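One structure below.
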Amino acid sequence: SFIADVEEDFDAVFSGNSAMHAFVRVKASGKVLAYGSNTHGQLGTGDQTARHKPFPVKLDQRIKKVACGKQHTLFLTEGGQVYACGHNAAGQLGQGEAKDACVETPKQVHFAQGVKISEIACGGEFSVAVSETGATFAWGHPENGQCGNGTNGSYIARAGKIDFNFVTRPRLVNNLGDVKIDAVVCGQQHTVARDVDGGIWVWGWGGYGRLGLKEQKDELSARRIEFFKGPYAADPEGVFCCGMAVSAVMTKAGQLFMWGQIKPTGDCWMYPRPFYELSNFKIHCISMGCTTGFVHVTNLRQPDKGLVVWGQKAIGELGIAPSNSAATARMNEHMAGKDIQGIAAMYGAALYIVDADAGLPSIEAPEDEEHVATAAKGAGSKRGAASKGGKSKKAKK
């Protein structure tokens, strides 16, 4: 609710499933405002100060899209240029070097002369971009094949220590050849790409079945999921999304398929399966966080719009208090009837763009900032990220 206090009209909101920072785009100017964690300059505000309300980014460009990694950010301008800021220890900023340093003001990521970018995405510590001609580039940490260049980049630095050759400049992803990609999304350690014919390609860490290939095997180069073809080809206008360890694709037939760690409990889905819990709804937009899902829908049985949520609730990101979680998809009553124009799920929070003319949701805010800090501290001790090694992070708002 605090973002509504800013006297601007927004038309887009951006974050990432492993991020604790986010951005909103001002409708009139195309500029973006940042807020959230800023430990490594990932907000692009020229400093490392966390922002609790939207704050201008030091980038004088009209922005088409923003992608957020764990501690880094990519900005795509309307002119097809890419800028990056934040943590660069694995070369995820594409600056030709990997340094454990903070880039506090966005720097341009350089591609070959004449190349214009149309799509961007960020994993935890890697980045992906697609050109206007459909060529796909990746860079950053290659540990489980996230860069799609045919190797995990590991080598023995000395006895008992393995190190990595980071990919510090954009490189073409292997195995795509003449395949033209038109959209790309990332989980924390994997990528899903959609080609112009509705085919789906994946690469990266295979744990929890997140690649949809029926096996928990890393893919170091792009590999096609054979299921998505013919009547099951991906809809070029349909929803297309990754959570931290889960993937979702809408087919041309209008059915949503998912695979990976769908929910924090229960078996993982090792291959694409219909998500029947949303079969009676028309899906407008979707976003998935760490172990959560948020979908704006219209009920096909009655003309009502609403928000469907599921997953683990740590500090209230599902907005369904007093419930602690939603093991199955359920409606968020606070958002019933609201016209949601965009959703951005992040680590421990969710943001929505809502048509103010249709009325804002009535949600009781925490009593004070100390209450929020206490809740966040408690959540950090009990929430475990769905990532390799089971690392956890302290959740912040």
Side-chain angles (χ1 to χ4, degrees), residues 1-4 6 10-25 33-37 51-54 66-70 122 185-188 239 241-246 248 258 261-264 278 283-297 305-336 338-356 360-366 372 375-376 379-380 383 385-386 393-397:
S1 60
F2 64 87
I3 294 184
V6 180
F10 305 123
D11 64 358
V13 60
F14 309 98
S15 190
N17 49 66
S18 58
M20 293 198 291
H21 62 294
F23 299 82
V24 290
R25 186 175 63 198
L33 307 178
Y35 91 98
S37 175
R51 306 293 177 178
H52 302 292
K53 288 192 175 183
V66 182
C68 299
K70 180 180 177 182
C122 285
V185 288
C186 292
Q188 187 181 47
V239 296
C241 180
C242 276
M244 187 174 284
V246 62
M258 298 177 63
Q261 189 177 35
I262 310 299
K263 298 170 185 175
L278 295 178
I283 299 175
H284 302 292
C285 57
I286 183 173
S287 186
M288 294 187 288
C290 174
T291 55
T292 52
F294 306 83
V295 188
H296 181 221
V297 298
K305 291 185 177 180
L307 176 71
V308 175
V309 300
W310 69 85
Q312 179 180 1
K313 170 180 175 282
I315 53 175
E317 61 260 50
L318 296 184
I320 55 173
S323 299
N324 291 324
S325 63
T328 58
R330 58 173 288 184
M331 300 296 296
N332 179 321
E333 295 179 0
H334 297 292
M335 304 298 285
K338 304 306 177 186
D339 185 10
I340 300 173
Q341 300 173 350
I343 308 174
M346 52 196 290
Y347 192 94
L351 306 176
Y352 313 94
I353 295 288
V354 179
D355 183 359
L360 295 174
S362 177
I363 301 176
E364 185 176 349
V372 174
R383 175 193 287 268
K393 299 182 292 186
K394 183 180 287 186
K396 296 182 181 180
K397 247 190 177 182

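Bear in mind the structure is a predicted one, so any value in this text is a computation, not a measurement.
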Quick one: closest heavy-atom pair of His296 and Lys338, and the distance?
NE2-O, 3.3 Å
Taking every non-hydrogen atom, the tightest pair across Gly187 and Cys242
N-CB, 3.7 Å
Please identify each residue that fulfils side chain to side chain contact (heavy atoms under 4.5 Å, CB included) with Val246, with sequence neighbours left out.
Met258, Ile262, Met288
Minimal heavy-atom distance between Gly69 and Cys122, with the atoms involved, is N-CB, 3.5 Å
Side-chain donor/acceptor of Asn332 to backbone N/O of Val309, under 3.5 Å:
no
Ignoring hydrogens and geometry, is there a side-chain-to-backbone donor-acceptor pair from Asn17 to Cys186 under 3.5 Å?
yes
Smallest separation among heavy atoms of Ser287 and Cys241, with atom names
CA-SG, 3.8 Å
Roughly how far apart are Met346 CE and Ser18 OG, rounded to 0.5 Å?
10.5 Å
Between the NE2 atom in His284 and the CD1 atom in Ile340, the distance rounded to the nearest 0.5 Å is 9.5 Å
Under the side chain to side chain contact (heavy atoms under 4.5 Å, CB included) test, residues paired with Gln341 that sit two or more places apart:
Asp339, Ile353, Asp355
Taking side chain as C-beta onward, heavy atoms only, is Met331 less than 4.5 Å from Val308?
yes
Should Tyr347 and Met244 count as side-chain neighbours, where that means a heavy-atom distance under 4.5 Å?
yes
Looking at every heavy atom in both Tyr35 and Leu351, which two are closest together, and how far apart are they?
OH-CD2, 2.9 Å
Please list all pairs passing the salt bridge (Lys or Arg N to Asp or Glu O under 4.0 Å) test where one or both residues lie in residues 11-23, with sequence neighbours left out.
Asp11-Arg25
Minimum heavy-atom separation for Ala326 and Ile320, please, with both atom names.
CB-CD1, 4.0 Å
State, with a plain yes or no, whether a side-chain heavy atom of Val354 is found less than 4.5 Å away from one of Met335.
yes
Output for pair (Leu33 CG, Lys53 NZ), nearest 0.5 Å, gives 13.0 Å
Between Phe294 and Tyr352, what is the ring plane arrangement, given parallel below 30°, perpendicular above 60°, and tilted in between?
perpendicular
Taking atom CG of Leu318 and atom NE2 of His334, what is their separation to the nearest 0.5 Å?
11.0 Å
Val295 and its side chain to side chain contact (heavy atoms under 4.5 Å, CB included) partner, picked from Val239, Ile343, Ile286:
Ile286
